[in-house]
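All remarks here apply to the structure that follows.
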Amino acid sequence: APATPLLAVRGVKTYYGNIIALKGVDVDIHEGEIVTLIGANGAGKSTLMMTICGAPQARDGTVRFAGRDITRLPTHEIMRLRIAQSPEGRRIFPRMSVYENLQMGAALEGGSHFAADLERMFEMFPRLKERIHQRGGTLSGGEQQMLAIARALMSRPRLLLLDEPSLGLAPLVVRQIFDAIRLLNETEGLTVFLVEQNAYHALKLAHRGYVMVNGVITMSGTGADLLARPEVRSAYLDGG
Ligand code: ATP
């Protein structure tokens with residue numbers, strides 16, 4: 001029998017007031033996979049990420065994580081199950097230093113691996129090491145994105161949710177971030193759910209992908225399979 005997915009989203013409907021944003025979404029993420037969700041602005045990608053984290057909660061359907069129904073759990077309890085989120089717009093703590101931001105990330109983990117994990121983050125993102133005492137709010141956009149991801153990783157997540165990590169970043173920085181994600185997946189089996197506008201890089205990186213249109217999943221397949229489909233190329237990749 002196929003293994004139970006680490007995350008199973010089933011028939012999820014999410015509303016903002018009376019307006020339906022997710023119209024019955026099914027998504028599976030297995031342990032050790034990188035899965036990407038692509039789609040146009042306003043398709044509902046961020047809403048799905050947020051629904052997995054319980055804010056807003058699904059009005060219908062279920063979200064199961066590691067076999068447990070988390071649909072109605074408050075966000076802090078979902079976070080305690082080791083789902084870490086690096087949200088769109090970064091949201092690091094602007095008045096805290098790089099070091100303090102990373103400490104906050106490790107707080108959930110309990111702190112026992114702090115020194116070793118900090119060293120690993122600095123290996124992956126040397127920029128952060130050079131700026132260890134700088135306030136988060138004064139970092140460049142790319143540095144803030146690195147910090148947001150590093151902070152999420154400090155909690156040793158079982159599932160890492162990344163909402164548009166490439167947003168507003170130079171191509172070189174995007175590559176560094178995607179390389180870091182691939183390395184963590186290959187060396188440690190980190191499971192990642194990645195929302196991206198940058199469909200080409202996301203589908204290249206991911207084992208599998210989903211396409212969302214207007215609150216509905218319209219296509220799914222391996223990254224390579226989706227990249228090859230003309231309807232994906234024309235809608236989500238420059239130059240068709
Ligand atoms: P983008 O790529 O532009 O970030 P997205 O695919 O992540 O888009 P969502 O942010 O999930 O899309 O938005 C889905 C729909 O829900 C949009 O129509 C949006 O206007 C609406 N929406 C999002 N947040 C709210 C909110 N807090 N209140 C009301 N409507 C909202």
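Start at 1 and go down the list; that is how both ligands and their atoms are numbered. Quick caveat, the model's predicted, so the values are computed rather than measured. The first residue of the sequence shown is numbered 1, and numbering continues consecutively from there.
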Discussion item. With heavy-atom distances below 4.0 Å as the criterion, list the atoms of ligand 1 near Thr47.
Written reply: 9 (P), 11 (O), 13 (O), 14 (C)
Item to complete: Would you mind running through ligand 1 and noting each atom that sits below 4.0 Å from a heavy atom of Asn41?
Response: 1 (P), 2 (O), 3 (O), 8 (O)
Worksheet item: Is there any N or O on Gly39 that sits under 3.5 Å from an N or O of ligand 1?
Response: no
Item to complete: Would you give the length of the straight line joining atom OG of Ser220 to atom CG of Leu226, rounded to the nearest 0.5 angstrom?
Response: 7.0 Å
Discussion item. Would Arg127 pass as a cation-pi partner of Phe122, given that its NZ or CZ must be under 6.0 Å from the six-membered ring centre and within 45 degrees of the axis?
Written reply: no
Worksheet item: Which atoms from ligand 1 have a heavy atom of Ala43 less than 4.0 Å away?
Response: 5 (P), 6 (O), 12 (O)
Worksheet item: Which one of Gly17, Pro56, Gly42, Ala21 has a non-hydrogen atom at the shortest distance from atom 18 (O) of ligand 1?
Response: Gly42
Practice prompt. Assess the side chains of Thr218 and Tyr210: does a donor N or O sit below 3.5 Å from an acceptor N or O?
Written response: no
Response to the item:
ligand 1 atoms nearer than 4.0 angstrom to some heavy atom of Ser46 are 4 (O), 5 (P), 7 (O), 10 (O), 11 (O)
Fill in: Pair Gln134, Ser97: side-chain N/O donor-acceptor within cut-off below 3.5 Å
no
Worksheet item: With a 4.0 Å heavy-atom cut-off (strictly under), which part of Glu164 contacts ligand 1: side chain, backbone, both or neither?
Response: side chain
Worksheet item: When you look for heavy atoms under 4.0 Å from ligand 1, do you find them on the side chain of Met212, its backbone, both, or neither?
Response: neither
Discussion item. For Arg95, is there an ion pair with Glu100 - N to carboxylate O distance below 4.0 angstrom?
Written reply: no
Discussion item. I'd like to check which ligand 1 atoms, numbered from 1 as shown, lie under 4.0 Å from a non-hydrogen atom of Gln197.
Written reply: 1 (P), 2 (O)
Item to complete: Assess the pair Phe178 and Tyr200: is the distance between their ring centroids shorter than 6.0 Å?
Response: no
Worksheet, complete the sentence: Closest non-hydrogen atoms of Ala58 and Val12, given as atom of the first, atom of the second and distance, are CB-CG1, 3.9 Å
Worksheet item: Which of the atoms in ligand 1, numbered in the order shown and given with their element, are less than 4.0 Å from a heavy-atom of Ala40?
Response: 6 (O)
